[in-house]
Novice: 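Before I ask anything, let me first share the structure, which is written out below as structure tokens.
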Amino acid sequence: DLGHICKITVNTTGCNTHDKSGYAYVGYLAGYAENTYVKKLEVDNSDMTLDVRNHDSYNDNIGVGGLIGHYHNTIESRFENIHYYGESNFRIEATLQRGISSAGGIVGHLVTEAKLVIGDISIKNSSDRESYIAANTFDGSSQTNCYAGGLFARIDGSTVESNADFKDCI
């Protein structure tokens with residue numbers, strides 16, 4: 001139980017990676033997490049900016065998430081009672097030259113080898129300014145797979161299920 005996170009400022013605007021390893025994971029809570037149970041989390045996402053770019057490398061994976069950049073579970077895990085709220089806009093963005101670019105409201109890249117149960121999750125913003133989640137390539141001719149999603153950008157695996165709390169939110 002992570003409890004309430006109150007007004008954390010994470011601003012990685014212009015974060016350019018030149019890492020030749022091919023992986024860049026950035027999240028509001030964690031860049032990478034494995035077999036983590038997330039419950040009862042409230043986050044003020046006012047003015048949150050997670051913006052990761054890689055100009056140099058040509059076979060990269062970038063995962064940017066409002067909560068976790070890359071999540072991998074091998075045992076049953078849960079995400080429930082997660083609430084993002086804010087009074088100003090937020091921006092989550094992943095951009096690279098070639099490879100896989102994933103940007104999600106909760107998780108950028110999700111790999112499931114065991115059941116992941118999704119409960120009550122909400123992302124609310126009361127600002128009249130635009131908020132967005134985007135996965136991009138630097139130019140239209142590059143070979144980039146771009147994934148963007150409100151909760152999860154890219155899911156590898158087939159064991160994600162929603163419980164009644166999640167279904168009641170829709």
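Note that these values count all heavy atoms, side chains included, but never hydrogens, waters or copies made by symmetry.
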Novice: Taking all non-hydrogen atoms of both residues into account, name the closest pair between T144 and S101 and its distance.
Specialist: CG2-CB, 4.1 Å
Novice: Looking at every non-hydrogen atom in both residues, tell me the closest pair between A135 and Y147 and how far apart they are.
Specialist: CB-O, 3.1 Å
Novice: side-chain hydrogen bond (donor to acceptor under 3.5 Å, both in side chains), that's the test. Do N136 and E93 meet it? Break it down for me.
Specialist: CA-CA 8 Å; N136 308 300; E93 190 167 2; 2.6 Å; yes
Novice: Got a second to check how far E42's CD is from I82's CD1, nearest 0.5 Å?
Specialist: 11.5 Å
Novice: Starting at OH of Y71, measure out to CD1 of I106 and round the result to the nearest 0.5 Å.
Specialist: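 One finds 13.0 Å between OH of Y71 and CD1 of I106.
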Novice: Where do I68 and Y25 land on the side chain to side chain contact (heavy atoms under 4.5 Å, CB included) test, with the steps shown first?
Specialist: CA-CA 8 Å; I68 299 168; Y25 301 128; over 6 Å; no
Novice: Closest approach of H83 and D120, non-hydrogen atoms and distance?
Specialist: CE1-OD2, 3.1 Å
Novice: Can you check whether E113 reaches N73 side chain to side chain, under 4.5 Å on heavy atoms?
Specialist: no
Novice: Less than 4.5 Å apart, side chain to side chain, heavy atoms only: is that true for L110 and V160?
Specialist: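 With C-beta onward as the side chain, the pair touches.
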Novice: L67 versus L41: any side-chain heavy-atom pair under 4.5 Å?
Specialist: yes
Novice: Can you see which heavy atom on I75 is nearest to which on N35, and at what distance?
Specialist: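 Smallest heavy-atom distance, with atoms named: N-OD1, 3.2 Å.
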Novice: Distance check, rounded to the nearest 0.5 Å: K124 atom NZ versus S131 atom OG?
Specialist: 14.5 Å
Novice: Could you tell me whether the side chain of I100 reaches within less than 4.5 Å of the side chain of R154, counting heavy atoms only?
Specialist: yes
Novice: Walk me through it: do D156 and H109 pass the test side-chain hydrogen bond (donor to acceptor under 3.5 Å, both in side chains)?
Specialist: CA-CA 8 Å; D156 291 327; H109 184 201; 2.7 Å; yes
Novice: Is there a chain of hydrophobic side chains (I, L, V, M, F, W, Y, each step under 4.5 Å between heavy atoms) that links V117 to L151?
Specialist: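 No: no chain of side-chain contacts under 4.5 Å links V117 to L151.
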Novice: Can you hop from F79 to V111 via hydrophobic side chains spaced under 4.5 Å?
Specialist: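 The answer is no; the residues belong to distinct hydrophobic clusters.
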Novice: Nearest 0.5 angstrom please: H70 NE2 to E34 CD, how far?
Specialist: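 Output value for this atom pair is 8.0 Å.
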Novice: Which distance, rounded to the nearest 0.5 Å, do you find between the CG of N81 and the NZ of K39?
Specialist: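 Spacing of CG (N81) from NZ (K39) equals 6.5 Å.
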Novice: Mind listing the closest non-hydrogen atom pair of I62 and T95 along with its distance?
Specialist: CD1-O, 3.5 Å
Novice: Is there side-chain contact between D44 and Y84, with heavy atoms separated by less than 4.5 Å?
Specialist: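 In short, these two side chains do not touch, never coming nearer than 4.5 Å.
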Novice: Step by step, work out the side chain to side chain contact (heavy atoms under 4.5 Å, CB included) result for K115 and E161.
Specialist: CA-CA 7 Å; K115 183 164 67 171; E161 68 178 52; 3.2 Å; yes
Novice: Supply the atom-to-atom distance I133 CD1 to S102 OG, rounded to the nearest 0.5 angstrom.
Specialist: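 Nearest 0.5 Å value for the CD1-OG distance: 12.5 Å.
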Novice: Nearest heavy-atom pair of A103 and A153: which atoms, and what distance?
Specialist: O-CB, 3.1 Å
